Amino acid sequence: MPLKGVEQIYKHNSPRDILRSYFGYDSFLEHQEEIIRHLAAGKDALALMPTGGGKSICYQIPAMLQSGVGVVISPLIALMQDQVDALRQLNIRADFLNSSLSAQKTREVEKRMVAGQLDLLYVAPERLLTDRFIHLLHQTQVALFAIDEAHCVSQWGHDFRPEYLQLSILSQKFPEVPRIALTATADSVTRKEILKKLNLETAAQFISSFDRPNIYYRVEIKQNWKKQLLDFLNTEHLKDSGIVYCLTRKKVEKTAAWLSEKGYKVFPYHAGLDQKVRLAHQRRFLHEESVIIVATIAFGMGIDKPDVRFIAHLDLPKSLEAYYQETGRAGRDGHKADAWMIYSLADVIAVRTLLDRSEGDMQFKRIQHRKLEAFLGYCETTGCRRQVLLGYFGEELPRACENCDTCHGEIETWDGTIAAQKALSCVYRTGQRFGAEYLSNVLRGSDNERIGRFRHDKIPTFGVGADLSKKEWKSIFRQLIAAGLLFVDLESKGGFKLTDKSWAVLRGEKSVQFRKDPETKKAKRTPRLISKHENDFFDQTSTDLWEKLRALRLKLAKEQDIAPFIVFHDRTLRELVAYLPRSLEEMRDISGIGEHKLELYGDKFLDLILEHVRQNT
Ligand code: ADP
Ligand code: ZN
């Protein structure tokens, strides 16, 4: 493996040595080492890894091993500063180029690049594609191209960036430079699109498991969303950072204002806000502790914050892909995190309406509808949620996960075959043009003027469902829609219609399981096996030390104007509390403390720990 040139600063030449001495990690995560060796051998690769899977190291280490600069193409210019800060903290020579830099600063960086003084350079795709930059690249020794967020080439996806399509020219202009495309979007259609559009058809594919075992998935029925959200935050995430997703800008604003009244440190984020405001809010989320962002989906792509402890969805996301990406922003550090969602029948109808009114041809809409159906299937599943999620991405989880609400028995189910038959039959006999409200009344045999007018008090299903409450019937209709046993016909003002699948149930050939919706006023939340608070230690002394370490970290970060997690991740602090190292030598064994960080911060943290031990023994 060729080593760096004259001003070689990496004394080591094995990937593992670099992992240990620069990053302070003991071992590689799944596929990292293979990918690194593959690239270092000059070959192309596609890496599919879930968020938090450790994609960055896959191109950072090969760029350090070889002479020349690793050029990282990323659409996320707002994050480049943090990425570069983080690398510099490890004593790795990194820079970025994007529209936020002055002309003079740009020239400086370009000069360093051409002179071979950089290991990694982050650039926005539109910059990379300029003639000027391509010309400069031809004068530069390039170790590799890393195309991050590669799913941006996909026209079907929600992050489509037209400039990404032109990145295929890299293979023509620099055929000898290895390329790696990276993404956390798992579906096979997107994967094929990436390979084709980036001219990577012959690249080796490295596909990691998409399971995120530390995330607890939970879906509740929306009843009183404010109360539900507040309960969730107050009982489980009092001091945590997290993201609350809403469908519309208006709701984002409303929710953020209201949470802030309740005493939370919270900022709105959506595409309607001024770019400056958005950046400021994103920055506070990254640089401070216990910040909540309330956002539309405009927020989050590539957010590198490792200690996001919860993702709350107040509205339905568009698809399971979107949901998996959004929830994937929680718990990148591998510690427990929550993906919590509430939804209702009204939401299902709202999303459907939005879809039908959206621009796009029939095929596009059909695909989107199918995606929505898959999503509803996830919401209403009576089995393990993780099995449904992974199954959707083509991965089989052999056993139930024991880390989702259905596995924990939070969801009760019942055999709803007969109820489903009554409901479907009622839809049919009333002419397939009414919604849940009216149908429930007919089923319950209500004395209602409208029913009388349509003479629906004369049909056989009138009153056959008096044994269930109206709320229960509405829940049944919601679940029938989610299961594709009914569909909402927007042409006829949202009336429900039977589908091809309905008949098997009506004929008694297929049984149906329903879940029981929990009561709104639950006296207390079912206790979960997973401890609710991430940083709860068993004893007060440890908690005290943890708080002291966090304060020191925040102070050091502020002094340098960087995010606290760039100094040390929570995981590193937690290990410090658990192992109480007594010397710099012992500190070296802590995850996330490499040579340079040991030099920068070792003494300061060690003093604090030693003082703490003295006081407490
Ligand atoms: P991705 O881009 O795939 O979401 P990152 O590259 O940001 O993931 O890595 C996710 C987290 O895992 C980061 O905090 C990173 O420092 C950490 N990490 C990466 N590789 C390792 C490793 N081999 N051992 C321990 N932690 C790692
Ligand atoms: Zn499960």
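One-based numbering, in listed order, for ligands and for the atoms of each. Note that the structure is a prediction, hence the values are computed from the model and not measured. These numbers come from the heavy atoms of this one structure, side chains and all, not from hydrogens, waters or symmetry mates.
Between Tyr324 and Phe210, the ring-plane angle classifies as tilted under the 30° and 60° cut-offs. Classified by interplanar angle (parallel below 30°, tilted 30° to 60°, perpendicular above 60°), the ring pair His31/Phe206 is perpendicular.
Annotation: Tyr59 is not in aromatic contact with Phe145 [ring centroid separation under 6.0 Å not met]. Under the 6.0 Å cut-off for aromatic ring centres, His237 and Phe310 qualify, their centroids lying closer than that.
The atoms of ligand 1 that sit less than 4.0 Å from any heavy atom of Thr51 are 4 (O). Listed by number with element, the atoms of ligand 1 under 4.0 Å from a non-hydrogen atom of Phe28 are 23 (N).
Among all non-hydrogen protein atoms, the one lying nearest atom 5 (P) of ligand 1 is Ser56 OG, 3.5 Å. Protein heavy atom at the shortest distance from atom 16 (O) of ligand 1 is Tyr25 OH, 2.5 Å. Ranking the protein heavy atoms by distance from atom 20 (N) of ligand 1 puts Gln32 NE2, 3.0 Å first. Looking at atom 9 (O) of ligand 1, its nearest protein heavy atom turns out to be Gly54 CA, 3.5 Å. When hydrogens are left out, the protein atom nearest atom 23 (N) of ligand 1 is Ser27 O, 2.8 Å; that is the closest non-hydrogen contact. In terms of protein heavy-atom proximity, atom 12 (O) of ligand 1 is nearest to Gly52 O, 4.2 Å. Ranking protein heavy atoms by distance to atom 14 (O) of ligand 1, first place goes to His569 CE1, 2.7 Å.
No salt bridge links Asp148 with Lys55; every basic N to acidic carboxylate O contact stays at or beyond 4.0 Å. Between Glu585 and Arg588 there is a salt bridge, with a side-chain nitrogen of the basic residue lying less than 4.0 Å from a carboxylate oxygen of the acidic one. Look at Asp517 and Arg478 and you find a salt bridge, because one of the NZ, NE, NH1 or NH2 atoms lies within 4.0 Å of a carboxylate O, short of that distance. In summary, Arg284 and Glu289 do not engage in a salt bridge, as defined by a charged side-chain N under 4.0 Å from a carboxylate O. Ion pairing between a basic and an acidic side chain is recognised when a charged N comes within 4.0 Å of a carboxylate O; Arg20 and Asp589 show no such pairing.
Take the Zn ion (ligand 2) as the corner point: the lines to SG of Cys407 and to SG of Cys401 open at 120°, to the nearest 10 degrees. Between SG of Cys404 and SG of Cys384, the angle at the Zn ion (ligand 2) works out to 120°, rounded to 10 degrees.
Once rounded to the nearest 0.5 Å, the distance linking CE of Met64 with CZ of Arg93 reads 9.5 Å.
Between Arg332 and ligand 1, at least one N/O pair is under 3.5 Å apart.
Note on ligand 1: Met49 sits outside its first shell, no heavy atom being nearer than 4.0 Å. Ligand 1 has at least one atom lying under 4.0 Å from a heavy atom of Pro50. Within the 4.0 Å heavy-atom cutoff, Ile57 counts among the residues contacting ligand 1.
Coordination check, His408 versus the Zn ion (ligand 2): failed, since every N/O/S atom of the residue sits at 2.8 Å or beyond.
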